[in-house]
Number of protein chains: 2
Amino acid sequence: MGELRPPLDALLLLLVDRMSGVIRERVEACGLSMPQAVALRYLEQPCPMRNLARAMRCDASNLTGIADRLEERGLAVRRLDPDDRRVKLLVLTESGLAMRAAIHRRISSDIAGLERLGPAERELLAELLWRVVRE
Amino acid sequence: MGELRPPLDALLLLLVDRMSGVIRERVEACGLSMPQAVALRYLEQPCPMRNLARAMRCDASNLTGIADRLEERGLAVRRLDPDDRRVKLLVLTESGLAMRAAIHRRISSDIAGLERLGPAERELLAELLWRVVRE
DNA sequence: TATTGTTATACTCTATAACTATA
DNA sequence: TATAGTTATAGAGTATAACAATA
C-alpha cells in the first residue's frame with residue numbers, strides 16, 4: 001500500500017485541477033457563468049468597463065455582452081462617468097453585492113481535503129503558500 | 001512593511017487563479033484550446049468518446065466537435081471498437097503524443113513563485129499538498 | 001429497451017475589425 | 001489623433017433534445 005507521492009509540480013497541477021472544477025460547479029450552482037462571477041469579484045468598486053476588461057484579460061468588446069447579462073439579472077448597472085463622458089462605470093447593485101458575497105462564501109468553504117490537516121499544518125501550509133504567491 | 005498574510009483559503013484561491021491563467025496562456029501558445037488540451041491529457045490510451053466526456057465532465061455531444069478539431073489538426077483519430085460497433089475509440093497520433101508531451105512540459109516548468117522556496121521547504125510543501133490532494 | 005455517437009438548436013465566451021461619441 | 005464603448009462577425013465550448021445504428 002506504499003503509494004508513491006507525485007512530484008511537487010504534479011501536486012500543484014492536481015490541486016488546481018480539482019479546485020477549478022469545484023469552483024466552477026459552485027459558481028454555476030449560483031446561476032452565473034465563470035466570466036460573470038469573475039467580473040463580480042473585480043467590481044469591489046465602480047470600474048470603467050475598459051479597466052475591467054484589462055483585469056479580466058479579455059478584449060473590451062466582450063464586456064458589452066457580459067455587462068448586458070449582469071444588468072439583465074439585476075446584479076450591476078452602467079453609470080456615466082461625470083469626468084469623462086466616453087466612460088461607463090460598471091457598478092454592483094445591492095443584489096450584485098449579495099451575490100458576490102454568496103459566491104465568495106461558497107467557494108471559500110469546504111476546500112478540497114483541507115480537513116485532513118491539523119491547525120499547525122495549516123499554518124505551515126499557509127506560510128509556504130504565502131511565500132510562493134506573494135507579489 | 002508588515003504585510004498581512006491572507007488566510008489559507010484565500011491563498012489557495014489566489015494560487016489557483018494565478019496558475020490557471022498561466023496554464024491557459026501556455027496551452028494557447030501551443031495552438032490549442034483548453035478543452036482540446038484536457039482531452040489530449042486524458043488520451044493516454046485509446047478511449048471511447050463517452051468515457052472521455054465523463055472524464056471531462058461535459059455532455060457527450062460536445063466531444064463530437066472537440067474530436068473533429070483534434071482530427072483536423074492531425075492530433076487524434078477515431079477508431080472503431082471491434083468489441084462494440086456503437087463505440088468509437090479516440091486515439092492520439094504520433095503528432096498528438098508529441099503535443100501532449102510538449103504541453104505537459106511547458107505547464108510543469110517554472111511554476112509561479114516556487115523558486116522562492118528552498119529544497120527542504122519544497123519537500124515540506126509537497127508532503128502537505130499530498131495529504132490534501134490524496135484520494 | 002438501453003446505449004453510442006451524431007445532429008440540430010440555442011446560449012455564452014472569445015477575438016478582430018469597423019463604427020460613434022467623446023477627448 | 002487617440003480613446004471608450006458598441007456592433008458585426010466568426011469560431012469554439014456548453015447543454016438539451018431528438019435521431020440512427022447497435023447492443
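In what follows, chains carry the letters A, B, and so on, assigned in the order in which the sequence lines appear, proteins first and then strands, with residues in each chain numbered from 1.
Here the CE-OG distance, from A:Met34 to B:Ser20, works out to 8.0 Å after rounding to the nearest 0.5 Å.
Taking A:Arg116 as the reference, nothing meets the side chain to side chain donor-acceptor pair (under 3.5 Å) condition, with sequence neighbours excluded.
Between B:Asp59 and A:Arg54, the residue anchored closer to the 5' end of DNA chain D is A:Arg54, taking for each the nucleotide with the nearest heavy atom. Mapping A:Asn62 and A:Asp83 onto DNA chain C by nearest heavy atom places A:Asn62 closer to the 5' end of the strand. With DNA chain C read from its 5' end, the first of the two nearest nucleotides for B:Asp84 and A:Ala60 is the one closest to B:Asp84.
Atom CG of A:Asp81 is separated from atom P of D:dA4 by 11 Å (rounded to the nearest Å). Put simply, CE on A:Met49 is 15 Å from C1' on C:dA21, counting in whole angstrom units. The CZ-C1' distance, from A:Arg24 to C:dC13, rounds to 11 Å in whole Å. Atom pair B:Arg85:CZ and C:dG5:P shows a separation of 15 Å (rounding to whole Å applied).
You'll find a donor-acceptor pair under 3.5 Å spanning the side chain of A:Ser61 and the base of C:dT16, going by distance alone. For B:Arg86 against C:dT3, a side-chain N or O and a base N or O form a donor-acceptor pair under 3.5 Å.
B:Arg50 has a side-chain polar atom (N or O) that falls below the 4.0 Å cut-off from OP1 or OP2 of C:dT4.
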